[in-house]
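What follows is a single structure, written as structure tokens, with notes after it.
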Amino acid sequence: MRAHGAATPGPPGADRRAEALHPAPPSGPRPRDAPRAAVVGGGIAGLAAACALAERGVRAVVFEREDSLGGRLRGWETVLSDGSRATMTRGFHAFFRQYYNLRALLRRSDPGMKGLVPLADYPLVHRDGPRDRFSGLPSTPPWNAAVLAAVSPSFPLRDLARVNVPAALQLLDVDTPGVYERLDHLGAREFLDTVRFPPTARHLAFEVFTRSFFASPDRLSAAELAVMFHVYFLGSSEGLVFDVPRSPFPQALWDPLGAHLAGEGAVLRPGTPVGSVERGRHRRFRVACGDRESPEFDGVVLATDPGGLRALVAASPGLGDAAWRERVAGLPSAPPFLVSRYWLDRPVRPHRPAFLGTAGYPSLDNVSVLERYEDQARDWARRTGGSVVELHAYALAHGCDPDAERVSLWEQAATVYPELRAARAVDARHELRADCPLFPPGGHRHRLPVGTPDPLLAVAGDHVRVDLPVALMERAATSGFLAANALLSRWGLPGHTVWSVPTRGRSRALSALARAARQPGQRPEARSR
């Protein structure tokens with residue numbers, strides 16, 4: 001059942017309209033002995049599930065194939081050519097204030113959230129010149145959007161006058177899962193064409209964010225775009241301000257959280273890939289994680305990325321039924337993305353921001369200057385007089401040439417920050433991966449829910465359907481808690497409350513206008529064209 005934050009104390013500092021989703025009452029008998037649960041995957045979703053289970057007395061074991069925790073936010077030590085030790089990661093991540101469940105997870109080991117530091121502003125710049133920023137905006141919708149449109153050069157009056165108002169109103173009436181029923185058949189680009197959204201604003205306000213889902217706008221569901229707009233702008237008063245870790249991910253986040261889990265009795269097993277999950281002899285499941293070792297468990301949470309889940313289920317013929325297995329096999333993965341980090345022999349100019357979003361370039365999506373916020377990079381920069389710069393390219397072509405993409409990415413960055421042309425790279429690290437989920441038009445009905453045909457098998461991850469307005473890291477954390485709740489309920493144990501930004505449009509009047517713009521039985525674009 002859901003309740004508004006006014007009735008249930010919300011997360012610290014949360015929007016007063018944040019909503020609580022309370023766990024259902026336990027449905028099964030409490031076992032005589034503490035249940036054993038395997039969590040396959042040590043990323044955000046798996047760590048959330050493990051915490052939620054261990055805190056209720058379940059003997060949880062986390063299996064992670066990599067040598068460190070954190071999933072796509074993990075880190076690993078590397079030695080640079082100058083002898084310095086550095087922690088490499090897979091790139092910049094923004095911890096928005098409306099990520100209530102992710103923050104609840106991190107507060108378990110860092111109650112004061114001292115591991116994060118705020119970035120009060122981050123500019124967005126288009127190759128052709130338009131530039132925007134989000135500092136100084138009101139935090140409460142819809143005034144934040146109104147002020148942005150009034151002061152931003154990306155919203156010229158002549159273009160705003162052309163906006164298809166009935167179609168645009170659909171962004172003010174976001175509810176889950178209803179918005180998917182109305183908009184999921186459309187691609188984000190097609191929807192923006194229907195809205196006649198100003199071209200410059202489209203690049204700066206939408207494309208920068210849609211590509212953060214590792215997809216070009218034509219490959220992202222319009223419903224996912226609408227949910228994103230709701231989460232980050234029109235549905236939440238938390239605004240677009242976010243925090244970043246003050247240290248590399250392991251030191252700031254996962255080492256403390258791992259210590260908390262160990263204190264709760266959980267067992268962490270990094271560097272332990274799981275080959276299959278089968279029926280056990282003495283307990284419900286047997287987890288094959290080596291030639292000789294196959295421990296047994298009463299419940300399992302599969303918290304892997306889409307590719308890992310596809311492979312694991314294919315190797316575990318006893319899991320689920322035919323329909324569920326077919327859905328797993330069809331899970332789409334996003335195109336490759338590239339992260340390039342350079343340790344440079346000279347600093348970038350002092351006024352460069354910690355994070356810059358870019359649009360209109362062939363592949364460059366953002367530039368980070370790590371010494372502006374991360375202590376390890378700051379120490380290196382002070383010692384050497386250089387800078388640590390990171391470049392991101394999302395949604396590259398399948399089968400792309402990694403070397404060519406690295407060269408192109410650097411050349412694009414040098415047009416944004418010309419001082420890079422004179423810099424020499426003391427060292428560099430490059431990560432090309434293709435393990436993120438894709439949310440294509442029409443894909444929502446095929447997404448996996450947390451529950452499976454087996455009540456003691458659950459799925460978690462940022463690819464999982466949870467029917468709440470959440471995205472990216474917050475979807476991963478939310479699904480992890482919900483997966484744990486599903487098992488806890490079967491074992492007669494209390495679950496955990498999860499939180500969400502408002503699950504409907506914030507203004508009843510504007511939502512009513514949006515509904516009035518839709519004819520009964522019609523999808524929104526049918527009337528708006």
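Note that the numbering runs from 1 along the sequence shown for the chain.
At least one donor-acceptor pair under 3.5 Å links the side chain of Arg475 to the backbone N or O of Val470. No donor-acceptor pair closer than 3.5 Å links the side chain of Trp254 to the backbone N or O of Gly75. Looking at His444, its side chain never comes within 3.5 Å of a backbone N or O of Gly442 through a donor-acceptor pair. Using a distance-only test at 3.5 Å, with no hydrogens or angles considered, a donor-acceptor pair links the side chain of Arg103 to the main chain of Phe95. Within the 3.5 Å criterion, the main-chain N or O of Cys400 finds no donor-acceptor partner in the side chain of Glu405. Formation of a donor-acceptor pair under 3.5 Å by the Asn485 side chain with backbone atoms of His496 is found in this model. The backbone N or O of Phe249 sits nowhere less than 3.5 Å from a side-chain atom of Arg74 that would complete a donor-acceptor pair. In this structure, the side chain of Ser363 does not engage the main chain of Leu409 through any donor-acceptor pair within 3.5 Å. Counting only distance, with no hydrogens or angles, the side chain of Glu296 and the backbone of Gly280 share no donor-acceptor pair below 3.5 Å. Without hydrogens or angle criteria, Gln170 side chain to Pro166 main chain gives a donor-acceptor distance under 3.5 Å.
Aromatic ring pairs are classed by plane angle as parallel below 30°, tilted from 30° to 60° and perpendicular above 60°; the pair Phe214 and Phe337 is tilted. Using cut-offs of 30° and 60° for the angle between ring planes, the Phe92 and Phe242 rings count as perpendicular. Relative orientation of the Phe233 and Phe229 rings is tilted, given thresholds of 30° and 60° on the angle between their planes.
Salt-bridge formation is detected for the pair Glu55/Arg108: a Lys NZ or Arg NE/NH1/NH2 atom is positioned less than 4.0 Å from an Asp or Glu carboxylate oxygen. Using a cut-off of 4.0 Å between Lys/Arg side-chain N and Asp/Glu carboxylate O, Asp173 and Arg515 are scored as salt-bridged.
The side-chain heavy atoms of Phe285 and Asp454, taken from C-beta on, include a pair separated by under 4.5 Å. Within the 4.5 Å cutoff, the side chain of Ser236 has no heavy atoms near those of the Val231 side chain. The side-chain heavy atoms of Gln98 and Ser237, taken from C-beta on, include no pair separated by under 4.5 Å. Contact annotation: the side chain of Asp462 never approaches that of Met473 to less than 4.5 Å [non-hydrogen atoms, C-beta and beyond]. The shortest distance between side-chain heavy atoms of Leu192 and Arg189 does not fall below 4.5 Å. Looking at heavy atoms from C-beta onward, His430 lies out of side-chain contact with Pro402 at the 4.5 angstrom threshold. The closest side-chain heavy-atom distance from Arg36 to Pro295 is below 4.5 Å. In this structure the side chain of Asn101 reaches within 4.5 angstrom of the side chain of Glu474, judged on heavy atoms.
The two atoms that bring Ala50 and Ala60 nearest to each other are O-CB, 4.3 Å, heavy atoms only. Annotation for His463 and Arg447: closest pair O-CD, 4.0 Å, computed over non-hydrogen atoms. Counting all heavy atoms, side chain and backbone alike, Cys51 lies closest to Leu257 at SG-CD1, 4.0 Å. Closest non-hydrogen pair, Ala226 versus Val174, comes out as O-CG2, 3.6 Å. The heavy-atom pair separating Ser216 from Ala395 by the smallest distance is N-CB, 3.9 Å. Minimum heavy-atom separation, Leu487 to Leu457: CD2-N, 4.1 Å.
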Practice prompt. Begin from the C-alpha positions of Val274 and Arg65 and carry the test side chain to side chain contact (heavy atoms under 4.5 Å, CB included) through to its verdict.
Written response: CA-CA 7 Å; Val274 171; Arg65 66 186 176 191; over 6 Å; no

Discussion item. Pair Phe191, Leu171 - check side chain to side chain contact (heavy atoms under 4.5 Å, CB included), show working.
Written reply: CA-CA 11 Å; Phe191 177 70; Leu171 293 171; 3.8 Å; yes

Item to complete: Using the salt bridge (Lys or Arg N to Asp or Glu O under 4.0 Å) rule, take Asp298 and Arg283 through it: C-alpha gap first, then chi angles, then the decisive distance, then the call.
Response: CA-CA 5 Å; Asp298 302 297; Arg283 296 180 185 268; 2.7 Å; yes

Fill in: side chain to side chain contact (heavy atoms under 4.5 Å, CB included) evaluation trace for Val459 with Val328
CA-CA 10 Å; Val459 183; Val328 171; over 6 Å; no

Practice prompt. Walk me through it: do Tyr180 and Glu224 pass the test side chain to side chain donor-acceptor pair (under 3.5 Å)?
Written response: CA-CA 8 Å; Tyr180 290 98; Glu224 203 68 36; 3.1 Å; yes

Practice prompt. May I have the step-by-step check of side chain to side chain contact (heavy atoms under 4.5 Å, CB included) for Thr452 and Leu319, ending in yes or no?
Written response: CA-CA 9 Å; Thr452 75; Leu319 289 186; over 6 Å; no

Worksheet item: Please walk me through it: do Asp33 and Arg59 pass salt bridge (Lys or Arg N to Asp or Glu O under 4.0 Å)?
Response: CA-CA 10 Å; Asp33 299 322; Arg59 293 177 290 171; over 6 Å; no

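Side chains of Arg504 and Ser511: a donor-acceptor N/O pair is absent below 3.5 angstrom, by distance only. No donor-acceptor contact under 3.5 angstrom links the side chains of Ser340 and Arg406, judged on distance only. Judged by distance alone, the side chains of Arg341 and Thr89 do bring a donor and an acceptor atom under 3.5 Å apart.
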Taking distance alone, no hydrogens or angles, what donor-acceptor pairs closer than 3.5 Å link side-chain atoms of residues 433-441 to residues at least two apart or in another chain?
unit_1 : atom_1 : unit_2 : atom_2 : d
Arg433 : NE     : Glu431 : OE1    : 3.0
Arg433 : NH2    : Glu431 : OE1    : 2.7
Asp435 : OD1    : Arg90  : NH2    : 2.7
Asp435 : OD2    : Arg90  : NH1    : 2.9
Asp435 : OD2    : Arg90  : NH2    : 3.2

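Just one residue in the list Thr176, Val450, Leu21 forms a side-chain contact (heavy atoms from CB on, under 4.5 Å) with Val466, and that residue is Val450.
With rounding to the nearest 0.5 Å, the separation of CZ in Arg56 from CG in Leu493 is 8.5 Å. Here CZ of Arg445 is found 10.0 Å from CZ of Arg327. Values are rounded to the nearest 0.5 Å. Glu278 contributes atom CD, which lies 9.5 Å from atom OG of Ser294 (distance to the nearest 0.5 angstrom). Atom CG in Leu331 sits 4.5 Å away from atom CG in Leu448 (nearest 0.5 Å). The CG atom of Leu102 sits 10.0 Å away from atom CZ of Arg107, with the distance rounded to the nearest 0.5 Å. For the atom pair CG (Asp218) and CG (Leu186), the distance works out to 13.0 Å, reported to the nearest 0.5 Å.
Other residues, nucleotides and ligands place more than 12 heavy atoms under 6.0 Å from the CZ atom of Arg279.
Note on residues 310-326: pairs passing side-chain hydrogen bond (donor to acceptor under 3.5 Å, both in side chains), not counting sequence neighbours, are Arg310-Ser333.
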